[in-house]
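For reference, the structure discussed in these notes is given below.
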2 protein chains.
Amino acid sequence: MRPLFHPAIEDVRPEAILHALADPSRAAIFATIMRAGCVEACSALAAVGDRVIPKSSLSNHFKVLREAGLIRSERHGVELRNASRWAEVEARFPGLLPGIINAYASDAGACPRDAERAAAR
Amino acid sequence: MRPLFHPAIEDVRPEAILHALADPSRAAIFATIMRAGCVEACSALAAVGDRVIPKSSLSNHFKVLREAGLIRSERHGVELRNASRWAEVEARFPGLLPGIINAYASDAGACPRDAERAAAR
DNA sequence: CCCATAGTTCGGAACTTCGGAACTATGGGA
DNA sequence: TCCCATAGTTCCGAAGTTCCGAACTATGGG
């Protein structure tokens, strides 16, 4: 458990980032870590929207984000603090993260309405 | 087979785009369609780098790109012509596609050297 | 030493992806 | 018209991935 693996920024691959953020829960977790002034415990994110994420799935989501090079996790006492690696990733792949985060943000407005429409059928 | 389904641009979801482009073969296919002046037959893309892609996998890749809203396919005689929906997607999610395409492009330089280094061990 | 809390690992069920073989659709001769 | 060639699609089994509950490990506080 101890040695949390973080890839060096030059080993970060675009496909890993896209794969990590192609899951809306993971994208939401990542967006929260970014917005939250860059440090957040895993358990603070146990829900996305109104959906509860089981601990084991959460643990896996964090692992995927970590191994994609998107976040850095450190043990602080009994909990894990997660910081986004935004600046590093932005330097390596300029425009990638803003594009993705904006896409999800602009979609968030459309999504509830879609859900209503779907429910109305 | 006949009715090729294309989502309306407002139904296109960011996670579908990320998922479609998280596969390097599909990203390469999409980049080629874009660069090639926007129209290309499926079979013109039967290889990515030096790797041959079987017909059935190719067909599936095109389907994923189509259903993600990234390309538009039309039958022209016996073949399918594929055009990228870049402008529409760019209008809906500004910066998303350039960010992704640039990330892959800037990684392409790093990749062969990585391969050499790995081979040298 | 024991307990509580925070995460990780394990393992099986459900889902996805890959690719070969067989199939369908379209157009061009003869 | 019939047959052939070409371009894609569908089917299906093997291999891989994801999800999540249960059991486990690590850390710190009585």
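Heavy-atom basis, side chains included; hydrogens, waters and symmetry copies ignored. Being a predicted model, the structure only gives us computed values, none of them experimental. In what follows, chains are A, B, ... by sequence order, proteins preceding strands, each numbered from 1.
- Judged purely by atom type and a 3.5 angstrom limit, A:Tyr104 has no side-chain atom pairing as donor or acceptor with the backbone of A:Ala31.
- In this structure A:Ala8 satisfies the side-chain contact (heavy atoms from CB on, under 4.5 Å) test together with A:Glu10, A:Asp11, sequence neighbours excluded.
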For residues 64-73 of chain A, which side-chain donor-acceptor pairs fall under 3.5 Å, sequence neighbours excluded?
{"from": "A:Arg66", "atom 1": "NH1", "to": "A:Ser73", "atom 2": "OG", "distance (Å)": "3.2"}
{"from": "A:Arg72", "atom 1": "NH2", "to": "A:Glu88", "atom 2": "OE1", "distance (Å)": "3.3"}
{"from": "A:Arg72", "atom 1": "NH2", "to": "A:Glu88", "atom 2": "OE2", "distance (Å)": "3.4"}
{"from": "A:Ser73", "atom 1": "OG", "to": "A:Asn82", "atom 2": "OD1", "distance (Å)": "2.7"}

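- Applying the side chain to side chain donor-acceptor pair (under 3.5 Å) test to B:Ser25 and every residue at least two apart in sequence or in another chain returns B:Asp23.
- In this structure, the nucleotide among D:dT9, C:dC18, C:dT26 sitting nearest to the side chain of B:Asp23 is C:dC18.
- In this structure, B:Thr32 contributes its side chain and B:Ala28 its backbone to a donor-acceptor pair below 3.5 Å.
- Ranking C:dT8, D:dC19, D:dA7 by closeness to the B:Glu79 side chain, first place goes to D:dA7.
- Within residues 54-64 of chain A, the residues approaching DNA chain D are A:Pro54, A:Ser56, A:Ser57, A:His61, by heavy-atom distance under 4.0 Å.
- The distance from atom CD1 of A:Ile53 to atom C1' of D:dG21 is 16 Å, rounded to the nearest whole Å.
- Not one side-chain nitrogen or oxygen of B:His19 sits closer than 4.0 Å to the OP1 or OP2 atom of D:dT18.
- Note on B:Arg51: a side-chain N or O is less than 4.0 Å away from OP1 or OP2 of C:dG19.
- Not counting sequence neighbours, the partners of A:Ser56 by the side-chain contact (heavy atoms from CB on, under 4.5 Å) test are A:Pro54.
- Here A:Pro98 pairs with A:Trp86, A:Glu90 under the side-chain contact (heavy atoms from CB on, under 4.5 Å) rule; sequence neighbours left out.
- Atom CG of A:Asn82 and atom P of C:dT8 are 9 Å apart (whole Å).
- The interatomic distance linking B:Leu80 (CG) with C:dT24 (C1') rounds to 14 Å, in whole Å.
- Not counting sequence neighbours, A:His19 has no partner by the side chain to side chain donor-acceptor pair (under 3.5 Å) test.
- The CZ atom of B:Arg75 sits 12 Å away from the C1' atom of C:dG27 (whole-angstrom rounding).
- By the side-chain contact (heavy atoms from CB on, under 4.5 Å) test, B:Glu74 pairs with B:His76, sequence neighbours left out.
- Residue A:Glu67 contributes atom CD, which lies 11 Å from atom P of D:dT18 at whole-angstrom precision.
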| remark: Encoded 5' to 3' (Watson-Crick or G-U under 3.5 Å; [ ] crossing; | other strand), DNA chain D becomes ||||||||||||||||||||||||||||||
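- Using a 4.0 Å heavy-atom cutoff across all strands shown, A:His76 reaches no nucleic acid atom at all.
- Atom CZ in B:Arg81 sits roughly 13 Å away from atom C1' in D:dA7 (whole-Å rounding).
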